[in-house]
Every structure is written in C-alpha cells, then in structure tokens.
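These numbers come from the heavy atoms of this one structure, side chains and all, not from hydrogens, waters or symmetry mates. One-based numbering along the sequence shown.
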Amino acid sequence: MTTVVIAGAGPTGLTLACGLARQGVAVRVIDRAERFPAGSRGKTLNPRSLEVLADLGLGERLAAAGRTHLPFRKYFDGEFVNETEPFAGARATGTTPYPASLWLPQTRVERLLRERLAEHGVRVELATELVDLRQDGAGVEVRLADGGRIAAEYLVACDGGRSTVRKLLGIPFVGDGDPEPVMVCGDVEVEGLDPAAWHQWFGPRGAFMLCPFPGTRRWQLQSSPETDADGRPVAPSLESFQRLAALHTGRADLRLGNATWLSTWRVNVRMAERFREGRVLLAGDCAHVHPTAGGLGMNTGIQDAWNLAWKLGHVLRGFAAPGLLDTYQEERLPVAAWTLGVTSAGMAAVTAGISTPGTGVEAGRVGELTGLAVSYRGSSLAVDRAGEDPAADVPAGAVRAGDRAPDSRYHGPDGAPARLFDRFAGDHFTLLGLGPGVRPGPDGLPGHVRPVAIDDPDGAVRRAYGITGEALVLVRPDNHIALTARPDDHETVLGYLAGLGR
C-alpha cells in the first residue's frame with residue numbers, strides 16, 4: 001500500500017515528496033494536469049527556502065540556474081527615475097549562508113525538484129485527477145476520475161487555492177477577494193530592453209513591469225489590465241500586452257513577441273479554517289492564498305512542506321506518535337495568518353506607491369521576508385529549560401527553542417573545518433554538545449538522533465546561539481531548535497524524544 005498520496009505537483013507537493021522519499025516513505029504524487037506548467041508564475045526563492053532546498057540536495061543546482069542580484073530600474077509616467085538593488089549589500093555570514101533571494105522562475109524550481117524526486121525513484125503521475133476520498137482510522141482511499149483507487153495511510157492536499165480536497169472535506173476557506181482581475185501576467189520575449197534589470201513603470205495609468213530570466217529569452221510581464229470602452233478588463237493577449245507596453249513606457253521601439261503564458265491575477269486573501277482533517281492534511285495554496293507582494297507564495301508553501309515532511313515521516317517510521325501531526329497546524333497556521341497580513345499590507349503599500357515617482361515593488365517589503373526569522377517559540381515542541389527554571393545554569397541567549405538553528409563554522413573531531421548545516425542535513429535530529437568535554441551522546445540515544453560534540457574553543461558556535469556557558473542543544477530535522485538544556489541533562493533530552501506526539 002502507498003504510504004502517502006500527495007495531490008498536486010507544485011513546489012509544495014514536490015518539496016514534501018522529496019522530504020518523505022529520502023526517509024524511505026512510499027509516496028505517490030498525482031496531478032490532474034496533462035502536462036507540466038510552462039508559465040513562470042512565482043519567481044523568487046527567499047533565503048529560508050534556499051536553506052530548505054539545499055538540505056534536500058539542490059543547493060548547487062539552484063545557484064547555477066538562478067541569480068541573486070537583480071537591479072530594479074524604475075520609471076514614472078514613462079521617464080526613468082532611479083535604479084535600486086534590494087540585496088546589493090547582502091553577503092553570506094557564518095550563520096547565514098544565503099543572505100539574498102534567488103531569482104528563478106517557478107517552472108525551473110519545479111523541474112529541479114522533479115529531477116531530485118526521480119533520484120529517489122518517484123515520478124509525478126500526470127493526468128491523474130482526484131475526484132473523491134474516503135477515510136477512517138486506518139487510512140485514506142483516494143478515488144480517481146478514471147475509476148482507479150489508491151489506498152494510503154495519509155493524504156496531503158497541495159492542490160492549490162481551488163483545492164478539490166479542501167472542498168470535499170468541507171473545510172471553510174475564510175477571507176475575501178476581488179471579483180475582477182487587478183493584474184494581467186504573461187511570459188514574453190522582448191526586443192529593445194536591457195535584460196540586466198527588472199524594469200518597473202509606475203504612473204497615473206497604473207503599473208507595467210518586465211522581469212528578465214537569466215539564460216533565456218523569456219521575460220515575465222505584469223501589468224494593470226487594459227480596459228475596454230465600458231471599463232471592463234480586457235483578456236490577456238500578446239496584442240493587449242503590446243498596447244499596454246506602448247501606453248506605460250511611451251516607447252514605440254519596444255517589441256513583445258512569442259507569448260507562451262497568459263494569465264490574470266485577482267486579489268485573494270483566504271486561509272483554511274484548519275490544516276488537518278483526520279488523515280488528510282493541507283499545505284501551500286490549498287491552505288492559504290494571499291497577495292503577491294513580498295514574493296512569499298511559493299516560499300510559504302515550501303516551508304509548510306518542510307515542517308510537515310519530517311513529522312509525517314517520523315510518525316510513519318515509528319519514531320513519534322500520530323499526535324505529532326497536530327503540531328503542523330499549531331506551528332504553521334500562525335505563520336499563514338502572519339503571511340496574509342504582511343502581504344496585504346505590502347500590496348497596499350505598492351498600490352499607494354504607484355503615484356509616487358521612484359517607487360518600485362520593494363515598497364511591498366513591509367516586514368521581514370527572508371523567512372529566517374520565522375520561529376515556533378511557544379509551540380508544544382519548543383522546550384526551553386531556561387524558561388522553566390530561572391535559577392538553573394542553562395543557556396538563555398538570543399536564540400531560543402523554536403527558533404531557526406543558525407549555521408556556524410567549527411572544527412570537527414579531526415581538526416578539519418566543518419559547518420553545522422552539513423551536520424544538520426538529513427532527516428535526523430542533531431544533539432549538539434557545546435563546550436569542552438560536553439558529552440552529547442547519552443546511553444539510550446535513539447538511532448535517528450546524531451550526537452555532535454563541539455569543543456568550540458573560540459566560542460564561535462556559542463556566540464551564534466547566544467550561549468555563554470556549556471549546553472546541550474537539540475535541533476529538529478527541519479533545523480529549528482527543539483530543546484536547550486544543561487550540559488549534563490541527558491534525561492530531559494531522552495524524555496523529549498520519547499514523548500514526541502504523545
């Protein structure tokens with residue numbers, strides 16, 4: 001029997017599938033589409049998503065395919081105003097290997113994820129449409145449009161904002177949206193424009209933007225819609241795009257051609273009332289949709305999958321009780337709610353900025369959008385002994401249980417340089433023993449926990465974690481801190497691991 005069925009082969013479903021497949025979980029990925037999408041759609045991976053995908057083995061491939069620095073060349077009412085580069089000063093540090101977003105069309109991200117998934121022996125099943133489901137305490141039966149059925153232990157819905165699975169479950173999708181499109185989109189070829197920058201024209205007639213993709217002739221077009229004589233939006237087409245280009249840029253020499261993706265975008269701000277119904281879980285756009293400002297759509301879905309993959313895998317492998325899956329909603333629903341809020345505020349800022357010369361889409365960056373600050377402090381999985389026992393000699397630094405575990409360089413047992421992220425990579429917990437002589441590997445430590453002793457003579461690792469003395473730090477498979485404890489408190493570590501999901 002298939003262990004997990006994933007409905008939807010976008011970035012969320014593919015990230016989840018890779019995370020499960022590398023744990024040896026039998027997974028099937030189904031998608032109703034007859035062919036893989038050709039449109040660029042999302043176009044940036046934020047630093048946290050880059051860490052996630054690097055852990056899955058895609059770091060070098062992504063770096064070779066995308067670009068990390070892209071100037072924003074801004075115009076107002078057709079005239080050049082200024083040029084800025086949001087990540088111009090971003091540099092890798094010891095704790096943050098990916099300081100800037102990577103510009104890469106979603107189609108390319110999906111292709112790399114499919115290639116990685118195929119290396120685990122799993123391929124996406126196209127033209128495979130889920131039309132119904134049944135579940136009980138033992139599993140889920142997925143029913144397909146062609147009459148076929150798939151029996152599985154769990155189903156994860158990654159099938160987008162119009163999710164069939166969410167509707168079948170009757171889970172409310174709470175929020176609102178605009179009935180008419182506020183933007184038309186497309187992939188086009190462009191003649192007469194410098195591909196070294198993202199060109200953004202704002203003005204009294206709205207916005208028109210052309211973003212290049214490296215290594216191709218393709219550009220992504222985003223624009224306020226053209227309207228007809230009655231004020232109704234005109235459907236996107238190459239001819240309409242050409243008229244919009246002339247209207248907003250004032251240039252007769254700018255030629256568009258070979259439009260391969262035509263789409264409209266409506267403002268939708270909605271979130272599922274719950275992310276789990278028995279043995280069915282929701283992730284990505286199926287669970288939440290929001291404005292494009294800040295580029296969080298693809299990233300939030302990838303990070304949903306990252307949170308869920310290790311939990312589902314550890315339950316299925318017997319390392320944790322099924323109750324662990326309840327922490328997926330506990331941790332990710334607040335992140336989704338925050339995302340809806342910050343992207344709505346960002347969209348409002350961009351809309352207001354259209355009438356201000358020199359404003360570009362960076363006006364939508366009204367919050368911390370790298371993903372690195374997302375924390376699960378307060379989660380039932382975040383245990384900070386410093387908070388439980390103020391009198392105890394335990395770490396109480398800037399990084400606490402629930403936070404992303406920083407990277408850091410250190411010297412391994414053989415004296416060779418090493419990085420924490422290299423030790424974290426995989427589907428295991430990591431137990432760090434920080435300080436000279438701290439023994440991270442107590443008797444009875446489960447096999448899915450990797451002990452790492454770090455003498456840290458120069459204190460670099462402890463500074464990264466805000467720790468002044470010696471400590472044990474347990475890091476989850478998704479690289480968030482599970483537990484901090486005194487250097488000799490192995491009992492608390494073992495108790496934490498034994499109690500997962502119970």
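Using a 4.5 Å heavy-atom cutoff, the side chains of D456 and D458 are in contact. Side-chain contact check for Q135 versus L169: some heavy-atom pair is nearer than 4.5 Å. Side-chain contact between P105 and Q220 is absent, with no heavy-atom pair separated by less than 4.5 Å. Using a 4.5 Å heavy-atom threshold, the side chains of V452 and Y410 count as touching. Side chains of I30 and L144 form a contact here, defined as non-hydrogen atoms less than 4.5 Å apart. A 4.5 Å side-chain heavy-atom check between W306 and L53 finds every atom pair outside the cut-off. Two residues are said to be in side-chain contact when any heavy atoms from C-beta on lie closer than 4.5 Å; L432 and L420 meet this criterion. Within the 4.5 Å cutoff, side-chain heavy atoms of R41 are placed close to those of W261.
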Requested in this report: List the steps and the verdict of salt bridge (Lys or Arg N to Asp or Glu O under 4.0 Å) for D132 and R134.
Outcome: CA-CA 7 Å; D132 202 0; R134 296 286 185 272; 2.9 Å; yes
Report task. Step by step, work out the side-chain contact (heavy atoms from CB on, under 4.5 Å) result for L117 and R123. Result -> CA-CA 7 Å; L117 186 59; R123 297 188 180 278; over 6 Å; no
Requested in this report: Decide salt bridge (Lys or Arg N to Asp or Glu O under 4.0 Å) for R22 and D55; before the verdict, give the C-alpha distance in whole Å, the side-chain angles of both, and the deciding distance to 0.1 Å.
Outcome: CA-CA 11 Å; R22 77 170 179 182; D55 195 302; 2.9 Å; yes
Query raised in the report: Where do R266 and N268 land on the side-chain hydrogen bond (donor to acceptor under 3.5 Å, both in side chains) test, with the steps shown first?
Result: CA-CA 6 Å; R266 293 170 173 81; N268 249 322; over 6 Å; no
**Report entry** side-chain contact (heavy atoms from CB on, under 4.5 Å) assessment of L381 paired with E331
**Finding:** CA-CA 9 Å; L381 294 182; E331 294 185 339; 3.8 Å; yes
Requested in this report: I would like to know whether V280 and L168 meet side-chain contact (heavy atoms from CB on, under 4.5 Å); could you show each step before the answer?
Outcome: CA-CA 11 Å; V280 184; L168 289 170; over 6 Å; no
Report task. Give the C-alpha distance, both sets of side-chain angles, the deciding distance and a yes or no for side-chain contact (heavy atoms from CB on, under 4.5 Å) between L497 and F319. Result -> CA-CA 8 Å; L497 293 164; F319 299 154; over 6 Å; no
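In this structure, a donor-acceptor pair under 3.5 Å is absent between the side chains of D427 and Q23. Side-chain polar atoms of N46 and S101 form no donor-acceptor pair below 3.5 angstrom. In this model, a donor atom of one side chain and an acceptor atom of the other lie less than 3.5 Å apart for R332 and Y376.
A salt bridge is absent between E330 and K311: the closest approach of a Lys/Arg side-chain nitrogen to an acidic carboxylate oxygen does not fall below 4.0 angstrom.
Annotation for R35: atom CZ does not count as buried by contact number, only 12 or fewer foreign heavy atoms lying within 6.0 Å. The environment of CD in E491 is sparse: at most 12 heavy-atom neighbours from other residues, nucleotides or ligands sit within 6.0 Å.
Between the T339 side chain and the A337 main chain, no donor and acceptor come within less than 3.5 Å of each other. Without hydrogens or angle criteria, R218 side chain to D187 main chain gives a donor-acceptor distance under 3.5 Å. Of the possible polar contacts, none joining the R462 side chain to the E470 backbone as a donor-acceptor pair under 3.5 Å is found. Of the possible polar contacts, none joining the D478 side chain to the N307 backbone as a donor-acceptor pair under 3.5 Å is found. The backbone N or O of D488 sits nowhere less than 3.5 Å from a side-chain atom of R486 that would complete a donor-acceptor pair. A donor-acceptor pair under 3.5 Å is formed between the side chain of R270 and the backbone N or O of G175. Looking only at distances, a side-chain donor or acceptor of N299 sits under 3.5 Å from a matching main-chain atom of T44. The main-chain N or O of R423 is found under 3.5 Å from a side-chain atom of H428 such that the two form a donor-acceptor pair. In this structure, Q329 contributes its side chain and F275 its backbone to a donor-acceptor pair below 3.5 Å. A donor-acceptor contact shorter than 3.5 Å links the side chain of Q106 to the backbone of G42.
One distance of note links NE2 of H480 with OG of S375; it measures 7.5 Å at 0.5 Å rounding. For the atom pair CG (L472) and CG (L483), the distance works out to 8.0 Å, reported to the nearest 0.5 Å. In this structure, CG in L333 is found 14.5 Å from CZ in R276, a value given to the nearest 0.5 Å. Separating the CG atom in L155 from the CD1 atom in I150 is a distance of 9.5 Å, to the nearest 0.5 Å. Within the model, atoms OG1 of T370 and CG of L372 stand 3.5 Å from one another, a figure rounded to the nearest 0.5 Å.
Under the 30°/60° scheme for interplanar angles, the aromatic rings of W310 and F429 are found to stand perpendicular.
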Listed pairs under 3.5 Å, donor-acceptor, residues 439-449 side chains, sequence neighbours left out:
{"from": "R439", "atom 1": "NH1", "to": "G441", "atom 2": "O", "distance (Å)": "3.0"}

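The side chain to side chain contact (heavy atoms under 4.5 Å, CB included) search around V342 returns L296, W338, V366, L369, not counting sequence neighbours. The side chain to side chain contact (heavy atoms under 4.5 Å, CB included) check on P97 picks up E51, R404, D407, R419, F421, with sequence neighbours excluded.
Scanning both residues, V165 and A7, for their nearest heavy atoms gives CG2-CB, 4.4 Å. When all heavy atoms of L324 and A320 are compared, the closest pair comes out as CD2-CB, 3.6 Å. Of all the heavy atoms in T164 and D159, the pair that sits closest is N-OD2, 3.0 Å. Scanning both residues, P214 and A65, for their nearest heavy atoms gives CG-O, 4.1 Å.
Taking the ring centre of F173 as origin, the terminal cationic atom of R166 falls inside the region bounded by 6.0 Å and 45° from the ring axis.
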